[in-house]
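Working notes, beginning with the structure itself.
Just the heavy atoms: all of them, side chains too, but no hydrogens, waters or symmetry mates, feed the values below.
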Amino acid sequence: MPVLRTNILANYAGQVWMALMGVVFIPLYIKLLGMEAFGLVGLMLSIQALSMLFDLGMGGVLNRELARRVHNASAAHTLGDLVRTFEWLVWPIALMIVAVVWLASGPLANHWLHPEHLSRAATAHAIAIMGLAVALQWPSSFYANGLSGLERQPALNMINAGFATLRGAGVLAVLYWVSPTISAFMWWYAAMGACQSLVSAAALWRLLPTGPQQRSAFRATELRAAGRFAGGLVAIMALSIMLTQLDRIVISAMLPLAELGYFSLAMSVAAGMGRMIQPMFNALYPRYSRLVSLDQQDSLTHLYHLSNQCLAVVVAAVASVLMIFGRDVLYLWTGDAATATRLALPLSILVAGTAFNGLMNLPYALQLAHGWTRLTAGTNLVALALGIPFCIWAVGHHGIVGAAWLWFAINLAFVAVGIPLMHRRLLHGEMVRWYVQDILPPAIAATVVTLLASRLFPALPRSLEGLFQLAVVSGATLLSAAVAAPLVRDLARQQLAEWFASRR
């Protein structure tokens, strides 16, 4: 448990910093590039997500298998072969991504997007460089899965946080002193993506516990053994990526490119909240996998509920503040009152959807730990079939607000339907406890405190006083959510008792 706690804390520190680097400079990007060019940044994020379709389940298989084998003396010697086998696929696929995006750059610029100020040629050129940037960073996710499977979250987060800083802050220097263009922006991202992939690869190979005389090699047997689980992951990933990118794809096809920029701005804030969720998944998925392989059911059940309560505390606190104080947060961040007012409603809806999505992360990790992928693939397929016509109608009639409602509805359905279906097979009998003890108390406490705070601070000024008031509200909300979660409360009491005992 101390290692797990260290990994979670390291994950949170890294993800908080990455979230900060991902959003703090966005107003400056918009100022230097314009909202339309920033829409292309949003397109890059969509292409980056779509590129994960080419992962073919390799990252998830690597994560699970390293977690299962690393503490098994009879299987530890196979780790190097596993990584080397997948490496023979990862880098050629990255080259293929470059070619695919380059070939698509002209049609996207001329027939799909609707730029009003950027020329078609400049747009196509930026998309071509965008493909290089996405492809060069793409292998880093594979190596990140490997480091996560080894439970080396401190090293992984040091790498991710470092390159998030170099990307976010470094590109400002490029825009200010080299060229304030979207092409320069993409070239810098390409350079940082290449460096991150190479550093991540070196870190994984250095930390991999292989024998001193062993030379790792490609093994076709590893691919065959991973086939069924990887196939399920591919289905899940393909459907989930299409679901998460459906709104932006429809917006880019039906609305001006600047509207994609506004939607990307709101999504950046919601995605920042998502980064508060990812550390729990990264740290707990390998531990769930290990407990499942050892058949330690009681330990798994306790850890499942404790981790879900910890997650619910963070999700409830962050989501309630962003939903109720959304306009104030946007105004404090951007300094643009008109933009803050325009995006307040879609931001609140997107944050609510992201909160529901976040609550499904640990149940999903439990499914993967058992090698069960059919449930998530099936629910994603149904959601996509219903979501496509709804999204087209909603964007056509309500613009980016309609796209936000799609995200909310899909994730609400996952929580309402997916959890009961999962607990019919895994941890049978624990569903009611998940809803009633793990999720509801922190959510209710955080919502009540934030609503009361909104009566005390109806409008936050854009000043240090406003930042202080927001920090006080956020702290009070987080504390109330933590106190309301029974297992989190017990863990805090235990930690305090141990701390006082050590001081004597």
Side-chain angles (χ1 to χ4, degrees), residues 39-40 42-57 97 100-101 104 107-114 127 134 231-268 270-271 274 343 345-361 364 373-419 421:
L40 289 177
L43 178 65
M44 180 183 70
L45 297 177
S46 293
I47 292 176
Q48 195 168 45
L50 290 170
S51 72
M52 295 311 297
L53 290 170
F54 299 111
D55 176 81
L56 305 179
I97 292 172
V100 168
V101 178
L108 283 173
N110 295 317
H111 306 294
W112 185 270
L113 299 175
H114 306 286
I127 294 172
V134 169
L233 289 179
V234 169
I236 290 172
M237 187 174 298
L239 292 168
S240 63
I241 288 172
M242 286 187 277
L243 275 174
T244 55
Q245 301 306 312
L246 177 60
D247 44 18
R248 273 167 277 196
I249 290 172
V250 174
I251 289 171
S252 66
M254 298 180 64
L255 301 178
L257 186 55
E259 289 297 298
L260 179 60
Y262 282 113
F263 189 76
S264 299
L265 181 62
M267 278 298 298
S268 297
L343 293 181
L345 177 59
L347 174 62
S348 295
I349 300 169
L350 288 169
V351 166
T354 302
F356 285 127
N357 181 270
L359 293 176
M360 291 298 296
N361 268 242
Y364 174 56
T373 57
R374 188 173 300 176
L375 174 61
T376 302
T379 52
N380 281 353
L381 181 60
V382 172
L384 184 64
L386 297 176
I388 290 174
F390 176 83
C391 188
I392 294 172
W393 174 84
V395 171
H397 287 78
H398 303 286
I400 61 175
V401 174
W405 277 116
L406 170 72
W407 179 242
F408 172 83
I410 286 173
N411 288 290
L412 175 61
F414 285 162
V415 172
V417 177
I419 291 296
L421 291 176

request  = Apply ring pair (Phe, Tyr, Trp, His ring centres under 6.0 Å) to F408 and list each qualifying residue two or more places apart in sequence or on a separate chain.
outcome  = F356, W405
Indicate every side-chain donor-acceptor pair of residues 385-404 with a distance under 3.5 Å to a residue at least two apart or in another chain.
from	atom 1	to	atom 2	distance (Å)
W393	NE1	H397	ND1	3.3
H397	ND1	W393	O	2.9

key: Value rounded to 0.5 Å, distance of OH in Y262 from CG in L347   = 15.0 Å
inquiry  = Once salt bridge (charged side-chain N to carboxylate O under 4.0 Å, His left out) is applied, what residue pairs with a partner in residues 251-264 remain, sequence neighbours excluded?
reply    = E259-R342
message = Let me confirm one number: the CG-CG distance from L260 to L45, rounded to the nearest 0.5 Å.
response = 9.5 Å
task = Applying side-chain contact (heavy atoms from CB on, under 4.5 Å) between W407 and each of L243, L350, I349, report the one that passes.
result = L350
message = Please determine whether side chain to side chain contact (heavy atoms under 4.5 Å, CB included) holds for the pair F414 and T376, giving the CA-CA distance in whole Å, both sets of side-chain angles, and the decisive distance to 0.1 Å.
response = CA-CA 9 Å; F414 285 162; T376 302; over 6 Å; no
query = Under the side-chain hydrogen bond (donor to acceptor under 3.5 Å, both in side chains) test, which residues partner N357, sequence neighbours left out?
reply = N411
query = Just how far is it from atom CD1 of I419 to atom CG of L359, taken to the nearest 0.5 Å?
reply = 8.5 Å
note = Rounded to the nearest 0.5 Å, the CG atom of L246 sits from the CD1 atom of I410 at a distance of 6.5 Å
ask   = For V101, what residues pass the side-chain contact (heavy atoms from CB on, under 4.5 Å) criterion, not counting sequence neighbours?
value = I47, I97, I127
request  = Answer whether the closest heavy-atom distance between the side chains of V417 and V382 falls below 4.5 Å.
outcome  = no
inquiry  = Among residues at least two apart in sequence or on other chains, which ones pass side-chain hydrogen bond (donor to acceptor under 3.5 Å, both in side chains) with S264?
reply    = none
What pairs of donor and acceptor atoms, side-chain ones from residues 247-258 against any protein atom, are under 3.5 angstrom apart with sequence neighbours left out?
from	atom 1	to	atom 2	distance (Å)
S252	OG	W112	NE1	2.7
S252	OG	R248	O	3.2
S252	OG	I249	O	2.7

note = Residues at least two apart in sequence or cross-chain that pass side-chain hydrogen bond (donor to acceptor under 3.5 Å, both in side chains) with S46, listed by chain then number, are Q245
